[in-house]
K.L.:
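Handing you this structure, nothing more for now.
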Number of protein chains: 2
Amino acid sequence: MATIRDVAKLANVSTATVSRVLNNNRYVNSETKNRVNEAIEKLQYRPNDVARSLFKGNSKMIALFVPDIKNPFFPELARAVEDVTNQHNYTFILCNTDDSHEKEVTYLNALTQKSVDGFIIVSSTITEEDLHHITSPVISLDRKFSSKISSVTVNNRKGAREATAYLQSIGCKKIAHISGPQTASNTEERLKGYLDVIEHEAWFHSNYVVTGDYRFENSYEIAKQLLTNHNDIDGIFVANDLMAVGVLKAAESLNIKIPEQLSVIGFDGITIGLTTTPSLTTIQQPIYEIGSRAAQILLQLIDHPEQKVIQEELEVTLIERDSTKRKE
Amino acid sequence: MATIRDVAKLANVSTATVSRVLNNNRYVNSETKNRVNEAIEKLQYRPNDVARSLFKGNSKMIALFVPDIKNPFFPELARAVEDVTNQHNYTFILCNTDDSHEKEVTYLNALTQKSVDGFIIVSSTITEEDLHHITSPVISLDRKFSSKISSVTVNNRKGAREATAYLQSIGCKKIAHISGPQTASNTEERLKGYLDVIEHEAWFHSNYVVTGDYRFENSYEIAKQLLTNHNDIDGIFVANDLMAVGVLKAAESLNIKIPEQLSVIGFDGITIGLTTTPSLTTIQQPIYEIGSRAAQILLQLIDHPEQKVIQEELEVTLIERDSTKRKE
DNA sequence: CTATTATATGTAACCGGTTACATAACCTTT
DNA sequence: AAAGGTTATGTAACCGGTTACATATAATAG
């Protein structure tokens with residue numbers, strides 16, 4: 001690989017001048033510039049980003065932490081982040097944390113050693129403490145770690161209230177909730193939203209809430225049990241779409257007709273909800289927008305670290321499909 | 001951030017000695033070692049990987065190119081690659097190429113400037129030529145670029161033959177094929193496999209083959225047309241699961257009963273096939289294994305660049321589910 | 001008892017860029 | 001004509017590690 005010194009020698013200038021041509025920042029005579037560019041062309045020279053990083057102290061890389069890219073919610077998020085960061089000539093690093101605090105901390109340290117310029121984090125376990133020694137900006141998604149960390153969130157509680165109220169509005173009498181894992185950041189908010197609506201009902205009992213793990217397989221089993229134990233349930237608000245699909249399949253296996261006997265509503269608005277039979281009613285998050293806003297804000301923070309904390313909250317939307325039935 | 005010089009000063013040794021302690025490679029007196037470690041601890045010192053990279057000429061990073069992470073086939077692949085690379089203390093970079101040659105080349109160059117140590121590439125458009133100036137090892141998935149590039153593939157043609165023959169074996173008389181986009185690497189092989197079985201049938205006509213784009217939405221439209229134009233079709237081999245799901249939905253909308261009137265088989269074996277109603281019969285690829293083998297081989301090539309090309313072919317498996325019906 | 005080898009550590013060059021500082025020629029301005 | 005500004009370029013320090021080479025002592029071999 002040709003270095004800047006090779007170029008300098010060939011063009012008969014100093015490395016400083018080559019650097020100036022490359023970065024197009026200081027005075028360079030246009031004739032000299034041509035000579036340098038020719039040399040660059042001839043040698044097929046490409047500057048070494050590592051050397052540049054070392055001097056500059058940055059790397060033009062940003063990282064995204066997600067629990068697990070196999071949950072279809074996250075690829076879309078990742079895509080948004082990648083698209084925005086690419087537009088700004090940043091390289092994108094994806095990290096699956098499996099919701100493990102240890103993995104998160106390991107990644108945080110390893111990437112800091114690589115001078116990564118910023119972090120976008122979907123996590124439930126990271127605390128302000130963990131970020132204390134991290135000098136590059138951090139933005140959290142789905143949850144606010146602290147008032148000092150910027151974030152992009154949706155109003156999970158409001159969405160959950162809307163979902164539950166919708167089930168009531170179409171005539172459901174006994175509405176159950178399958179929640180996310182305790183470890184997940186938004187589980188609590190969605191549960192609260194559900195309880196806001198249902199808590200004061202005479203029939204309500206904590207048996208109507210069961211804890212899932214945001215995955216399909218587990219939800220299938222849980223829902224089967226739930227529906228077997230309580231055959232009066234006629235509506236379920238499920239904390240995410242993936243689990244809601246599990247519920248659809250569970251009902252199918254128990255010969256419970258959806259939406260005639262049971263209405264199901266999910267949360268997220270991922271594509272899979274369109275592919276099931278019946279298709280899935282859900283609370284849709286603006287996933288791509290969440291990711292791209294987060295990336296934009298992060299890049300802003302990288303350029304202006306002095307800037308104050310930005311916390312944005314985006315809106316969710318109810319999407320009616322075939323897994324819920326409106327009362328005539 | 002503390003540097004190696006700060007540590008050296010505090011421990012009263014030279015930076016060379018600190019470096020030796022860090023890398024645990026040359027002779028260091030155990031007492032000195034303790035002193036250095038104490039200094040490291042006290043200063044919360046973390047070596048700067050960028051500086052190390054610059055000297056060593058490597059970065060401990062590997063990149064994976066996929067067409068689009070939103071296709072659920074790729075998250076699992078990505079996961080496998082990340083898991084393996086993490087075990088070996090490499091950082092994982094994910095790149096969505098959108099099957100665009102320009103994006104691929106841009107990524108290839110940008111990452112080479114960052115001294116990325118190796119590439120795992122799922123691509124149809126990259127040629128030996130494009131890789132000519134790339135000095136770090138490359139491994140291709142799903143397709144062999146050339147006999148000089150290592151690869152991990154499955155036997156697409158054999159799998160497609162199996163799928164088509166299976167439809168015949170359960171009694172389908174008129175079997176159509178929805179292929180992938182011309183731009184995709186495996187489209188051709190899967191089409192060939194289909195033709196191997198069907199080509200000599202008296203009824204066969206090129207109308208029975210239509211081209212999709214590996215995505216759900218488009219396939220839904222295509223399938224509706226296909227099924228409307230040819231109401232004699234009783235079996236479809238679809239080139240991937242995502243499109244096969246589109247076919248299921250299209251049939252549903254046309255009131256065609258699956259599997260009674262129409263049998264559908266996909267290719268890939270992604271989870272979504274379990275969530276549809278009916279669940280999807282498919283040719284399953286060992287996705288995680290493909291990814292982890294590719295990563296392992298790549299790491300091997302990084303450590304031993306002199307090693308000869310490795311080309312592995314893995315097996316696919318027919319998974320019978322509810323979208324195909326065995327004749328009584 | 002000398003020669004050789006293993007252990008231990010420091011000095012300084014090196015990786016490949018960037019930029020502060022120095023220098024010089026030329027152009028304006030008063 | 002002197003002073004100040006603009007344009008143009010080079011020298012060398014710097015970013016923070018690694019390691020070849022030099023040096024010195026202790027241990028072992030012949």
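All of these numbers come straight from a predicted model, not from anything done at the bench. Letters A, B, ... are given to chains in the order of the sequence lines, protein chains preceding strands, and every chain is numbered from 1.
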K.L.:
Please check if atom NZ in A:Lys9 has more than 12 non-hydrogen atoms from other residues, nucleotides or ligands closer than 6.0 Å.
P.N.:
no
K.L.:
Identify whether any heavy atom of B:Asn12 sits under 4.0 Å from a base atom; if not, whether one sits that close to sugar-phosphate; answer base, sugar-phosphate or nothing.
P.N.:
sugar-phosphate
K.L.:
Would a 4.5 Å heavy-atom cut-off, applied to side chains only, mark A:Val309 and A:Ile149 as touching?
P.N.:
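No - every pair of side-chain heavy atoms lies 4.5 Å or more apart.
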K.L.:
Just verifying a value: how many Å separate A:Lys148 NZ and A:Ser150 OG, rounded to the nearest 0.5 Å?
P.N.:
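Output value for this atom pair is 13.0 Å.
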K.L.:
What nucleic acid atoms does B:Val50 come within less than 4.0 Å of, heavy atoms only: base, sugar-phosphate, or nothing?
P.N.:
nothing
K.L.:
Under a criterion of less than 4.0 angstrom to any heavy atom of chain B, what are the 5'-terminal and 3'-terminal contacting nucleotides of DNA chain C?
P.N.:
C:dA6 to C:dG16
K.L.:
In terms of relative ring orientation, are B:Phe65 and B:Tyr107 parallel, tilted or perpendicular, with 30° and 60° separating the classes?
P.N.:
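Ring orientation, 0 to 90° scale: tilted.
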K.L.:
Indicate, with a heavy-atom threshold strictly under 4.0 Å, whether A:Arg20 touches base, sugar-phosphate, or nothing.
P.N.:
base
K.L.:
Measure the CD-OG distance between A:Gln311 and A:Ser146 for me, rounded to the nearest 0.5 Å.
P.N.:
7.5 Å
K.L.:
Touch check for A:Ser19, heavy atoms < 4.0 angstrom, all strands: base, sugar-phosphate only, or nothing?
P.N.:
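Base, at least one base atom sits under 4.0 Å.
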K.L.:
Describe the nucleic acid contact of B:Val18 in one word from base, sugar-phosphate, nothing, applying a heavy-atom distance below 4.0 Å.
P.N.:
nothing
K.L.:
Quick check: on DNA chain C, is the nucleotide nearest B:Ser14 upstream (toward 5') of the one nearest B:Phe55, or the reverse? Name the residue that is more 5'.
P.N.:
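That would be B:Ser14.
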K.L.:
With sequence neighbours left out, write down each residue that passes salt bridge (Lys or Arg N to Asp or Glu O under 4.0 Å) with A:Asp83, or none if nothing qualifies.
P.N.:
A:Arg79
K.L.:
For B:Val28 and for A:Met1, locate the closest nucleotide of DNA chain C by heavy-atom distance; then report the residue assigned to the nucleotide nearer the 5' terminus.
P.N.:
B:Val28
K.L.:
Please round to 10 degrees the angle between the axis of the first five pairs and the axis of the last five pairs in the helix from C:dC1-D:dG30 to C:dT30-D:dA1.
P.N.:
40°
K.L.:
So which of residues 29-48 of chain A are in contact with DNA chain D, with a heavy-atom cut-off of under 4.0 Å?
P.N.:
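Result for residues 29-48 of chain A: A:Asn29, A:Thr32, sorted by number.
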K.L.:
Check side-chain hydrogen bond (donor to acceptor under 3.5 Å, both in side chains) between A:Asn96 and all other residues, then give those that pass, not counting sequence neighbours.
P.N.:
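By the side-chain hydrogen bond (donor to acceptor under 3.5 Å, both in side chains) rule, A:Asn96 matches B:Glu82.
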K.L.:
Got a sec, which residues hit side-chain hydrogen bond (donor to acceptor under 3.5 Å, both in side chains) with B:Thr127, two or more places apart in sequence or on another chain?
P.N.:
B:Asp130
K.L.:
Mind checking whether A:Lys114 and B:Thr91 have side chains closer than 4.5 Å, heavy atoms only?
P.N.:
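Sidechains of B:Thr91 and A:Lys114: in contact.
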K.L.:
So which of B:Asn186, B:Asn71, B:Thr183 actually passes side-chain hydrogen bond (donor to acceptor under 3.5 Å, both in side chains) with B:Tyr214?
P.N.:
B:Asn186
K.L.:
I'd like to check A:Asp68 versus A:Phe74 (side-chain heavy atoms, cut-off strictly below 4.5 Å). Are they in contact?
P.N.:
no
K.L.:
With a 4.0 Å cut-off on heavy atoms, is B:Asn23 in touch with a base, just the backbone sugar-phosphate, or nothing at all?
P.N.:
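It contacts sugar-phosphate atoms only.
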